[in-house]
Engineer: 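Take this structure first; my questions come after.
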Amino acid sequence: MGGNNKGRRAPHALVRLARRPALRGLAGGRRGAFTALTLASYPALLAAAVWPLPATFAVLVPLSYAAEIALPGRAAGMLSRAHLGATVRFLSRETAVVVLLARLAPGRPWWFAAFAAGLFLFHGLRAVQTWLAEHVDRRHHQMPVVTRNIDLPALRVPPAPPRVLLTCRGAKLLYLDALAAVPAAAGAATGLGWTGAAGAAAALALEVVAVALLLAHARRARHLGDRRRVLAAVDEWVAAYRPEVVMYFSGPVTAAYQATMWLGTLERISPRTLVVLRERAQVTAIGSTTLPVVCVPSSVDLMNFRSLDGVRVALFPANVGNNIHMLRVPGVRSVFIGHGDSDKEASFNPYTKVYDEVWVAGPAGRDRYLRAQVGVRDEAIEEVGRPQLAGVRRTSPYAEGAAPHRTVLYAPTWEGWSDDLFHSSLVAMGPAIVRALLAEPVRVIYKPHPLTGHRSQAARTAHRKIINLLSESTGMPHLVVTGREPSLYECFNEADVLISDISSVVSDFVASGKPYVVANVAGLPEDRFRERYAAAGAAYLLGPDLAELPGVLRRIDVAGEDDMAAARRALRAYLLGADQRDPLARFEEAVRRAAARAGTRARSLGLSALDPVVHE
């Protein structure tokens, strides 16, 4: 089952501009200017201290701090490689302050010694705080196993210290010396040099408090550092849970929707199910669930997770390289369930032939693999329907009088991994589609794919244009949905019409029986487009010039004029399988068959016999 309608952030403006030859020199010139200003400030400070010129020194100190703050990251990195890192630069400024005070206070009063000693101790505690912050952060965020819905003493993480204690470390702490340097420079000429000692004491006190807090947390979290104990505790818990089914998922946070769409279904089946993830961020990125979730980032740790040896069926929503670590477990029946049936290439990826079984919604999925001839055997394909679609209503809010205007859902797919301009309508047609809809008496719901703009600047630009168009429009309660809520299927129930691209969104919307429009971005002949994309068999097609859109909207607004209604009913069974009174029961039966096959194979291989899945 392929992509669904479920991005990387745009690069910094200066970086984008710097890519243009005419502006690259300007960006480089600014970096050079800040670097030169930063470097020049330190010998200037030392000269003003030796002279001494206290008034000049008092002006140069804040300017040197400002130059440090404005110094571009690449320039700072260049200085570090030249052994002129931040610590060296800050110590140079502090040395200049000490020289100035020595020149202006030849008697060496007590506060002079206090100032110098305070700075020395400050840097010592800064090193301690940095080490502790990294240690606590590692304990907190780099545990060998991360879980949800599993309560074990070995996994109980105490409340984290204030975030500022973990993020302010290393070079960031150097700026605290301003509490000593600035007052010392300002008061030197007036005989108030003791203010620098007071500032050094304040910086030292802040460090003492930070170190004390981090030490207390490190003691409370020391049990998290016992890697073997943590791994063993989770392994024992999973063994006691005796999972029969695992949903295994790996991928970036932006792909979390691929696993999320299956959580509700797996919660409702009888066999005990465990969710296994590979990226820490996914533990919180996937949707809410009552299922136990185990994240094992290390492949070595996962392959030594003995409690998974009793699993009968492993379900894979995505084709990724990390799947190999679960595929290698003997005796487990591997099943590719995907994340939505569609006519896109992702729904007949040659990688899919590595699985024991490939589950599709209906006959269209089977035919898709057979036509593609990518090595997936016909006997490996199981038609299991789409249990997620049980909540999709076959009603139109407008037709039933529940809404004063028709609602059009525009749900384009994302730009994909290739440069195929016809993959998505968003760049070529998206803003024009929305402008055309805003000229009609309809409400618009815009729900882009979660990966929109992930790879293409043009897609990000088109996406922002659409949001601006809808936000500036008045008179209708238009809606932009870029988060998890409302869900795609809730948007289906709100909509009277769908406009989308070739993707699983179209296939799923067919379950509603309501009219849908598919963007023919390449402008292919209608018969050729429908032949190539089975999901468009009952669609109204929309060419690049959008000439068909007004006529389509008028036609479906008049009773008896929707001439694609019968075709949609026939297509529903082909794409999604015949209507089932209980779609979940059909899916669960497929799980049980896969488990039975796993038991048969395990016995034939001489592995420990697997008991049949039986529940009271």
Side-chain angles (χ1 to χ4, degrees), residues 1 3-4 6 138-152 154-157 224 227 230-239 241-267 269 271-329 332-340 351 354-355 388 450-451 454 484 591:
M1 302 181 184
N4 206 332
K6 301 300 176 241
R138 196 162 50 245
R139 287 276 173 90
H140 239 280
H141 301 289
Q142 295 185 22
M143 289 176 61
V145 185
V146 186
T147 65
R148 271 173 64 180
N149 303 328
I150 296 177
D151 186 19
L152 286 171
L155 298 176
R156 287 178 192 152
V157 180
L224 301 178
R227 182 183 183 87
V230 170
L231 283 167
V234 178
D235 206 9
E236 289 173 11
W237 189 95
V238 174
Y241 178 66
R242 297 179 63 236
E244 299 151 332
V245 178
V246 158
M247 184 179 75
Y248 179 97
F249 183 71
S250 175
V253 169
T254 49
Y257 70 91
Q258 298 172 356
T260 299
M261 68 157 51
W262 285 103
L263 295 176
T265 298
L266 297 176
E267 285 174 351
I269 64 173
R272 289 182 299 277
T273 302
L274 175 73
V275 177
V276 176
L277 305 175
R278 298 301 307 282
E279 289 78 23
R280 300 175 198 277
Q282 287 287 10
V283 175
T284 53
I286 64 170
S288 60
T289 181
T290 58
L291 294 171
V293 178
V294 173
C295 174
V296 188
S298 166
S299 58
V300 173
D301 290 341
L302 182 69
M303 289 189 284
N304 285 286
F305 223 62
R306 308 313 303 170
S307 55
L308 295 180
D309 290 348
V311 171
R312 296 161 174 81
V313 180
L315 306 175
F316 298 85
N319 282 319
V320 292
N322 270 346
N323 287 3
I324 187 64
H325 303 130
M326 188 70 209
L327 287 167
R328 59 161 288 285
V329 180
V332 178
R333 190 79 172 171
S334 61
V335 178
F336 181 68
I337 55 175
H339 48 277
Y351 185 103
V354 305
Y355 305 101
Q388 293 94 337
L451 292 180
H454 185 75
R484 218 177 257 164
V591 172

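These numbers come from a predicted model, not from an experiment.
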Engineer: Can you tell me how far the CZ atom of R272 sits from the OH atom of Y241, to the nearest 0.5 Å?
Structural biologist: 7.0 Å
Engineer: Hey, is the main chain of P144 close enough, under 3.5 Å, to the side chain of R227 for a donor-acceptor pair?
Structural biologist: no
Engineer: Calculate, to the nearest 0.5 Å, the distance between atoms CD1 and CD belonging to I269 and E244 respectively.
Structural biologist: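 That separation rounds to 9.0 Å.
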Engineer: Could you check S250 against E279 for side-chain hydrogen bond (donor to acceptor under 3.5 Å, both in side chains), going step by step and ending with a plain yes or no?
Structural biologist: CA-CA 7 Å; S250 175; E279 289 78 23; 2.7 Å; yes
Engineer: For D235, is there any backbone N or O sitting under 3.5 Å from a side-chain donor or acceptor partner on R306?
Structural biologist: no
Engineer: Looking at side-chain heavy atoms only, is the closest gap between M247 and P317 below 4.5 Å?
Structural biologist: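 Of all side-chain heavy-atom pairs linking P317 with M247, at least one is under 4.5 Å.
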Engineer: Nearest 0.5 Å, what's the CG-CD1 distance between L266 and I337?
Structural biologist: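 Between L266 CG and I337 CD1, I get 6.0 Å after rounding to 0.5 Å.
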Engineer: How close do V591 and V245 get, heavy atom to heavy atom, and via which atoms?
Structural biologist: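 That closest heavy-atom pairing would be CG1-CG2, 3.7 Å.
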Engineer: Assess the residue pair V276 and F305 against the criterion (side-chain contact (heavy atoms from CB on, under 4.5 Å)); give the C-alpha distance rounded to whole Å, side-chain angles, the decisive distance to 0.1 Å, and a yes or no.
Structural biologist: CA-CA 11 Å; V276 176; F305 223 62; over 6 Å; no
Engineer: Check Q282 against G251 and note the closest heavy-atom contact, atom names and distance.
Structural biologist: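 Between these two residues, the closest heavy atoms are NE2-O, 2.9 Å.
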Engineer: Can a donor-acceptor pair be found, under 3.5 Å and without considering hydrogens, that links the side chain of W262 to the backbone of Q388?
Structural biologist: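 No; judged by distance alone, with no hydrogens or angles, the pair does not exist.
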Engineer: Taking the side chain as every heavy atom from C-beta outward, state whether R148 and I286 have any atom pair closer than 4.5 Å.
Structural biologist: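 Contact flag for R148/I286 side chains = yes.
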Engineer: Within a strict 4.5 Å, meaning less than it, do heavy atoms of the L308 and L302 side chains meet?
Structural biologist: yes
Engineer: Does any part of the side chain of L274, heavy atoms only, come nearer than 4.5 Å to the side chain of V238, both counted from C-beta?
Structural biologist: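 A side-chain contact under 4.5 Å exists here.
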Engineer: Less than 4.5 Å apart, any side-chain heavy atom of T147 and any of P292?
Structural biologist: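 Answer no - side chains too far apart.
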Engineer: Taking side chain as C-beta onward, heavy atoms only, is T254 less than 4.5 Å from H454?
Structural biologist: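 With C-beta onward as the side chain, the pair touches.
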Engineer: Check whether any side-chain N or O of R278 sits under 3.5 Å from a backbone N or O of F249 as a donor-acceptor pair, and report yes or no.
Structural biologist: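 Not at all, since once roles are kept as given, no pair shorter than 3.5 Å links the two residues.
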Engineer: Side chains of I150 and V294: closer than 4.5 Å at any heavy-atom pair?
Structural biologist: yes
Engineer: Ignoring hydrogens and angles, tell me if any N or O in the side chain of D301 forms a donor-acceptor pair with the backbone of V145 under 3.5 Å.
Structural biologist: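 Flag not set: sc D301 to bb V145 has no pair under 3.5 Å.
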Engineer: Any sub-3.5 Å donor-acceptor pair from T260's side-chain atoms to G287's backbone N or O?
Structural biologist: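 Looks like yes, one N/O pair under 3.5 Å.
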Engineer: First locate atom OG of S298, then atom CG of L231, and finally report the distance between them rounded to the nearest 0.5 Å.
Structural biologist: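 Reported value, rounded in 0.5 Å steps: 8.5 Å.
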Engineer: Would a 4.5 Å heavy-atom cut-off, applied to side chains only, mark Y248 and N323 as touching?
Structural biologist: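 The answer is yes, as the side chains (C-beta and beyond) meet within the 4.5 Å cut-off.
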Engineer: So, for S288 and E267, which heavy atoms are closest and what is the spacing to 0.1 Å?
Structural biologist: O-OE2, 4.1 Å
Engineer: Might you point out which heavy atoms bring S307 and A239 nearest each other, and give the distance in Å?
Structural biologist: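 It is CB-N, 3.5 Å.
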Engineer: Aromatic rings Y351 and Y355: how do their planes relate, parallel, tilted or perpendicular, breaks at 30° and 60°?
Structural biologist: tilted
